[in-house]
Amino acid sequence: MFIEYKKLDLNQVTKEIFQYWKNHDILKKSFQCTTNSYKKKYILYEGPPSLNGNPGVHHVVSRIIKDIFCRYYTLKGNKVFRKSGWDAHGLPIELNVEKYMKIEKNDIGKKISIKKYNSICKKFVHNALKKWILFTKKIGYWIDLKSPYITYNTKYIESVWWLIKKLYDNKFIYKDYDIQPYSPAANTGLSYHELNMPGCYKKVEQISPFVKFKVIKDYLSNKLKRNIFGNDDVFFISWTTSPWTLPSNTALAIGKNIDYVLVEIYSIYNIENFSYKKEIIIFSSKLIDYVLPKEKYYQIFDKNEFYSINLKRCKNKIPYYIIYQFKGIDLMYSKYEQLLPWFKPYYKKENAFQVIDGSFVNTKEGSGIVHISPTFGSEDFIIAKKYDIPPILVLNKEGIPIPLVDMQGKYISSFPHGFGGKYIKSDFTTSNVDKFLVDKEIISFLEKKNKILRVEKYFHFYPHCWRTDKPIIYYPLNSWFIKTTKVKNKMISLNEKINWYPNFIGKKRFSSWLENTKNWNFSRSRYWGTPLPIWRTKKGDEEIVIGSIKELILEIKKSIKYGFMSHNIFDNFVIDDMSDTNYSNIDLHKHILDEVILVSSQGEPMNREPDLVDVWFDSGAMPYAQLHYPFENKDNIDKNFLFPADFIAEGVDQTRGWFFTLHTISSILFNSIAYKNVISIGLVLDKNGQKMSKSKGNTINPFELIDKYGPDAIRWYIIFNSEPWDNLKFNVDGINVIINKFFGTLYNIYAFFALYANIDGFSYKEKELSTDNYTELDLWIISELNSLIEKSDKYYINYNPTKVVRVISSFVLDKLSNWYVRLCRRRFWKDKYTVNKIVAYQILYKCLINVAKLISPIAPFFSEKLYLDLNSVTKKEFFESIHFTNFPIVDKHLINKKLEDKMTFVQKITTMVFSVRKKNKIKIRQPLKKLMIITDKKMVDQLKKLENLLINETNVKEIKFTNSYSNLELVKHIKPNYKSIGSKFREKTKEISEIIEKFDQKIIKEIERKKKYIFHNKGEKISIFLDDVKITTEFVKGWDILSDNQLTIALDLRITNSLWEEGFIREFIRNIQILRKQNNCNVIEKIFIYIINANKNIQFVIEKYKNFICQETLALDIKKDHQEKKNGYEINFEKKYRLYVIIRKVKEETI
RNA sequence: AGUCUCGUAGCUCAGACGGUUAGAGCGCUACACUGAUAAUGUAGAGGUCCGCGGUUCAAUUCCGCGCGAGACUACCA
């Protein structure tokens, strides 16, 4: 017996299946059914979620997408590799811990030891991990949780070290200082990631001067020298939004191809007494109006006029004259005097204060000449390096060169003119002073020296520290780098081998990210992470990179000999023993490693570089480190058994995160891609399209969600709603719709099947009946089923689960439920257990079992239930779980596209008939005499096979198919077929189509008959063929007609007496059935029917059909009754024929 | 600020290598069906296919500009 249920309860199903999986060890078996028996394999790399908190809804999305394809490929007979992984290191975790402990970064190592701090971090991570594991199970994500990779594991760290060493050996790693975002207020460097946290870029007002840099004329190119007469001073005009960097200026950047001008201008000292002198300024000609705005300056075109001008008449405007225009290249290597000669360049003084070319220079704003201070701008730093421009540095007490601003954001104390010790931005002090204080003072100092052309206020977006809300500055900090720029081209070409979903992310965003790749700063000054395995002498003249624990122990032993270490702290580690217990004996985190002092070849002590490895390196190393490569599993990487991955999928934000670091490491070290297919998943937004955030209070707790709706409905909803890469507007109400619509219907089909199969004792014992026994409808649904299998398979392969879900949904709802099952109902209840009936059972069974398999990757619980309920009775398959079965294989011979089209056609016809009935207010229950279907001959022949079906659906006595309108009087309409005449007549299309639309009935008939019509337009002979027009029929006398592009139906609306009687009787019977239900009659109880005061006509009809009525309603007799009408049940067939009936159960009567 | 993606019914989304009636589900209204019934069907209302230009016989679809949304990038001085 098939199990029957009272109603659909998805949560109950989920619980049951969880229990089933547990009892039968299904998960374990799923990962076990391993290696040798499988020829094909499918590799997923799990992007390790950071264990810094609770999972959110967006994690639901990425987990189910990964799960779907793993399950799909399992069904397709692959061994699927899917190890879970967890990112246990990193800043977010540290910050959470600091918040929890109520400490700050600076307290670590002081108020709390690093050892203690790290142990708290580890504990924190453990707690988060528990939640994540529960979450993973609840959502039905099948991934190997038993042997995860965790980035803090000793084995994992060892692999990371090995990779770093390998990079180092290949000369990819170097130490340098780089300009990085730095927050003086928080006293910490920030990552670019932190800069992009919401709200960090704020619009701020900035005071920004146009500064005059005095040209040393001797160094000017001859071209320019020739155009400069007299002794006037010459200045480069440069604009800056950070005047506090001007004392550090050592170069000016121009664009070689940008146009510049020499402009002679009067420089006013004193407006009152008009003391002035002439000088020459240089800037980009494109920016004349920007540098010399019309409100303040005006151009004079005549040289003589300019020189003889009377300034007193100029009111407040200053005149200027353009001497000469030239390209930026003529400025190259010109020199100028140091603007503020307070400090000397640190080295190569001869290279300082010159003009160089910068590709970033533009003419959108400013002057086309950019002030460069190599210590406070990242572009400045890069270009300075290129041209070997020295920075301005001074030696501190320890003899280390430092920039002119200290770590607190103050000018160093040796500044002259009272600038020493002043904060460059007042935001860094607590005192309430003018925001632009230092900037203003610098400007006014320069103004006194006549070094300022003019000053303006400027609004721009400037990054702020997310912790302190204070502005950041760009500051030179020491870091370790990976020279990714060296392999830029390789990374770009390898990227072309990756399939990106959606394509544009890979083609455009990722590749342009690679184009602009910068060397990867992969060190972090933090505490909880993988320590850099690099030791250095104090002078930095010797360094060693450790690539394994073994190596480290050997080095330690050397060091012990020199007396730098007293003993080997890894004493209890057995070298070359790969057992987990051996590895669990040691810890490689910072608090341990910092105590290790090694010895250089010169016998000098070497200390570890105190920094940690960027967590993005940790996760990017995951293909190798998850296998403890190369210490174990060497072949899995080297022989490509488990590398590269077939599939990864994470949020779009990982494009420059994990997607990038995976790609970088694999490109550099393995000359390979790390993944073949990648889905970059869109964001999860709330139902209004707003980003979910805690502060807005619009987040959804995934645990509550799953508990309420069950994993299947959520999975189905998410996948159905939008394609994985599109943003998902998450509306919880939508989940109920899915449950009712899809799961409800599918459940209903099963319930229907189970009900009748049980009655008939169907359990698929009979042998498979051949298609010879199939009806047209059977052939159709089987064709549709096979088409469905084919399409689903295709969409799965193309990584489009949304299309899979939508096509399955359409099959289940529109085709299986609403058509096949509905039309087959009679077959199940009327017939005896005939071949025809068995066929129907077999087909319905096949549909259900195949749909279950097709949806199993997406709805793993419900499909399992369906499968077990079906298969446990029939025992047709021996699998313990649907997830161990094979993906349905399409039988192309059973696909009949023509039949599918035909059925669509039939559905259209019934819809049209219903529509006509509706218009004429004729119920479907009322039989009608005749339906005429007018369409082309080919279609007619095919439709004939489905005649009975149509007769039943439309409730007509007869259907006539025809391809001619011969016995109808009708009006036809003609319309041009633009597609055809457009290409034929081009610009005359409009004209001709107007003529066609005016054709009368005679011409239309002629066109139909001769398939051609010729007429003249403006003396030109024009031929129209049948294909050039669309002819539709509109109206027929005595019939009602509906037309469509392909066909016309005509319905005979005349209701004869006998038709009316039939309609009435059906209505009567139906009402009796309702009464039976109301009286709680069971299916076999007999009744008597009493009719109260019906008119004669009605009585006559009832008498006439008495036998039929009794048979249908299980009545023994129909009697008259003379009670009052109100006691009876009203049957209101038509207004004029109202009657009242009572029914009584036979039992009652006899008592 | 730049780059990319998107803008179709009240809501969620389809769709069209350019062709004249633009679709589905949900919601709403009315009706029907009643041996899957807390299901189901039919019909109706509801659209300048974001705006403006261009290419074309023909643009919601292709191109350009603008507006709006989102993401990414960014001290571009």
Side-chain angles (χ1 to χ4, degrees), chain A residues 7 179 181 192 195-196 201 208 211 238-242 245 252-253 358-362 364-373 376-380 458 460-463 471-474 502 504-505 508-509 512-513 516 652-653 655-656 682-683 685 687 689 691 720-723 725-727 729 731 733-734 737 740-741 744-745 747-753 755-756 802 806 809-810 813-814 817-818 821-822 825-826 828-830 910-911 914-915 917-919 921 923-925 975-993 1045 1070 1073-1074 1077 1083:
Chain A
K7 63 170 191 180
I179 308 298
Y192 282 91
L195 241 47
N196 273 314
Y201 275 84
S208 51
V211 183
S238 178
W239 178 67
T240 178
T241 55
S242 48
T245 61
L252 292 173
S359 55
F360 52 85
V361 177
N362 67 44
K364 281 178 190 154
E365 55 192 4
S367 64
I369 299 177
V370 178
H371 136 67
I372 300 292
S373 60
F376 300 117
S378 95
E379 267 172 346
D380 307 37
Y458 182 72
H460 67 161
F461 286 92
Y462 195 84
I472 60 109
I473 59 172
Y474 288 77
F504 73 87
I505 293 275
K508 300 205 168 144
R509 189 174 296 174
S512 82
W513 176 257
N516 298 317
V652 256
D653 48 317
T655 309
R656 67 206 173 83
L683 300 168
L685 309 170
K687 61 180 175 182
K691 208 172 175 175
F720 187 86
N721 211 276
S722 58
E723 294 184 320
W725 37 86
D726 279 337
N727 289 349
K729 285 187 192 168
N731 187 354
D733 299 334
V737 174
N740 290 334
K741 200 92 197 153
T745 306
Y747 156 80
N748 254 331
I749 297 170
Y750 169 79
F752 177 86
F753 170 82
L755 180 69
Y756 289 101
T802 304
R806 287 182 183 174
S809 184
S810 147
L813 267 42
D814 302 340
S817 168
N818 197 21
V821 172
R822 197 159 60 84
R825 274 183 303 189
R826 250 163 251 242
F828 288 105
W829 77 66
K830 277 272 185 249
T910 52
T911 306
F914 289 157
S915 173
R917 278 173 168 275
K918 170 103 182 167
K919 204 165 73 192
K921 294 191 175 144
K923 293 182 179 186
I924 293 165
R925 212 179 294 113
K975 271 193 167 183
N977 178 3
Y978 284 95
K979 202 166 192 170
S980 146
I981 65 164
S983 53
K984 228 186 220 172
F985 299 115
R986 296 274 150 202
E987 63 282 351
K988 278 176 281 180
T989 304
K990 213 168 194 174
E991 215 175 298
I992 286 167
S993 64
N1045 287 336
R1070 184 191 137 237
Q1073 301 287 19
I1074 292 171
K1077 203 163 235 179
V1083 197

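- Taking atom OH of A:Tyr978 as the reference point, atom P of B:A58 lies 12 Å away to the nearest angstrom.
- Between A:Tyr458 and A:Thr241, the closest heavy-atom pair is CD2-CG2, 3.6 Å.
- Distance from the side chain of A:Thr989 is smallest for B:C57 among the nucleotides B:A36, B:G70, B:C57.
- Out of B:C13, B:C57, B:C26, the shortest distance to the side chain of A:Ser722 is found at B:C13.
- Ring-to-base geometry does not place A:Phe504 in a stacked arrangement with B:C4 (centre distance under 5.5 Å, plane angle under 30° required).
- With rounding to the nearest 0.5 angstrom, the OH atom of A:Tyr474 is 11.5 Å from the OG atom of A:Ser242.
- When distances run from any side-chain atom of A:Glu723 to the nucleotides B:U20, B:C72, B:A14, the shortest one goes to B:A14.
- Using atom C1' as the reference point in both B:G15 and B:G7, the two lie 15 Å apart (nearest Å).
- Here the CD1 atom belonging to A:Ile749 is positioned 9.5 Å from the CG atom belonging to A:Asn818, to the nearest 0.5 angstrom.
- Between the CD1 atom of A:Ile179 and the P atom of B:A74 there is a distance of 16 Å, given to the nearest Å.
- Note on A:Asn818: a side-chain N or O is less than 4.0 Å away from OP1 or OP2 of B:G41.
- Using a 4.0 Å heavy-atom cutoff across all strands shown, A:Phe985 reaches no nucleic acid atom at all.
- In this entry the distance linking CD of A:Glu987 with P of B:A58 reads 10 Å, nearest Å.
- Separating the NZ atom of A:Lys729 from the P atom of B:G10 is a distance of 14 Å, rounded to the nearest angstrom.
- Using a 4.0 Å heavy-atom criterion, one finds that A:Gly734 contacts no nucleic acid atom at all.
- For A:Asn748, the side-chain atoms get nearest to B:U37 when compared with the rest of B:U12, B:U37, B:A14.
- Here the separation of B:A59 from B:C49, taken at their C1' atoms, is 11 Å to the nearest Å.
- Here the separation of B:A22 from B:C50, taken at their P atoms, is 15 Å to the nearest Å.
- Base pairing analysis places B:U60 opposite nothing; no Watson-Crick or G-U wobble pair with both distances below 3.5 Å involves it.
- Scanning all heavy atoms of the two residues, the minimum distance from A:Thr245 to A:His371 falls at OG1-NE2, 2.8 Å.
- Within the model, atoms CZ of A:Phe985 and CD of A:Glu991 stand 11.0 Å from one another, a figure rounded to the nearest 0.5 Å.
- You'll find that the side chain of A:Arg822 is closest to B:U40, out of B:U37, B:A14, B:U40.
- A 3.5 Å limit on both hydrogen-bonding distances identifies no Watson-Crick or G-U partner for B:A38.
- In this structure, A:Ile372 places its CD1 atom 14 Å from P of B:C76, rounding to the nearest Å.
- Pair assignment for B:C72: B:G2, on the basis of Watson-Crick or G-U wobble contacts that are both within less than 3.5 Å.
- For the C1' atoms, the distance from B:G66 to B:A58 is 25 Å, rounded to whole Å.
- OP1 or OP2 of B:C57 has not a single side-chain nitrogen or oxygen of A:Lys988 nearer than 4.0 Å.
- Heavy atoms of other residues, nucleotides or ligands lying less than 6.0 angstrom from NZ of A:Lys990 number 12 at most.
- Distance check on atom C1': B:G23 versus B:A30 gives 23 Å, rounded to whole Å.
- Searching all strands for a Watson-Crick or G-U wobble partner of B:G44 with both distances below 3.5 Å returns B:C28.
- Nucleotide B:A14 forms no Watson-Crick or G-U wobble pair with any nucleotide shown, as no partner meets the under 3.5 Å limit on both distances.
- Nucleotides B:U29 and B:C67 are separated by 36 Å at their C1' atoms, to the nearest Å.
- Rounded to the nearest Å, the gap between the P atom of B:U21 and that of B:U60 is 14 Å.
- Contact annotation: A:Lys975 reaches the phosphate of B:U21 (side-chain N/O to OP1 or OP2, under 4.0 Å).
- B:A9 is unpaired under the Watson-Crick or G-U wobble criterion, no partner having all donor-acceptor distances under 3.5 Å.
- No side-chain donor-acceptor contact under 3.5 Å links A:Arg986 to the backbone of A:Ile981.
- Nucleotide B:G51 has B:C65 as its partner under the Watson-Crick or G-U criteria, with both atom distances under 3.5 Å.
- Side-chain proximity of A:Arg806 to B:C76, B:C13, B:U40: nearest is B:C13.
- Among the heavy atoms of the strands, none lies under 4.0 Å from A:Lys7.
- The side chain of A:Phe360 lies closest to B:C76, out of B:G35, B:U12, B:C76.
- Residue A:Asn721 is classed as a sugar-phosphate contact, given heavy-atom separations below 4.0 Å to backbone atoms only.
- Residue A:Asn748 holds its CG atom at 11.0 Å from CG of A:Leu755, rounded to the nearest 0.5 Å.
- Across all strands, A:Asn362 comes closer than 4.0 Å to base atoms (heavy-atom distances).
- Among the atoms of the strands shown, none is found under 4.0 Å from any heavy atom of A:Thr655.
- Among the nucleotides B:G70, B:C13, B:U40, the one closest to the side chain of A:Asn727 is B:G70.
- With hydrogens and angles left out, the side chain of A:Ser810 and the base of B:A24 share no donor-acceptor pair within 3.5 Å.
- Base engagement by A:Glu365 is indicated by at least one non-hydrogen atom pair under 4.0 Å involving a base atom.
- When heavy atoms are screened at a 4.0 angstrom cut-off, A:Leu683 is found touching the sugar-phosphate backbone but no base atom.
- Counting any heavy atom pair closer than 4.0 Å across all strands shown, A:Phe376 reaches a base atom.
- Remark: A:Asn740 is not in phosphate contact with B:A38, judged by side-chain N or O atoms under 4.0 Å from OP1 or OP2.
- A:Thr241 comes within 4.0 angstrom of sugar-phosphate atoms only, judged by non-hydrogen atoms across all strands, and of no base.
- Nucleic acid contact class of A:Lys508 (heavy atoms, under 4.0 Å, all strands): sugar-phosphate only.
- Taking the P atoms as reference points, B:C63 lies 32 Å from B:G25, given to the whole Å.
- With RNA chain B read from its 5' end, the first of the two nearest nucleotides for A:Tyr756 and A:Asp814 is the one closest to A:Tyr756.
- We find that CD1 of A:Ile505 is positioned 11 Å from P of B:C6, with the value rounded to whole Å.
- Note: CZ (A:Phe752) to P (B:U37) measures 10 Å, nearest angstrom.
- Minimum heavy-atom separation, A:Asn721 to A:Lys729: OD1-O, 4.2 Å.
- Per the geometry, NZ belonging to A:Lys741 stands 14 Å off C1' belonging to B:A38, to the nearest Å.
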A:Thr655/A:Ile505 under side-chain contact (heavy atoms from CB on, under 4.5 Å): CA gap, chis, key distance, verdict: CA-CA 8 Å; A:Thr655 309; A:Ile505 293 275; 4.2 Å; yes
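- Candidate nucleotides B:A36, B:A14, B:C76 were compared by shortest atom distance to the side chain of A:Asp726, and B:A14 ranks first.
- Note on A:Arg825: a side-chain N or O is less than 4.0 Å away from OP1 or OP2 of B:A36.
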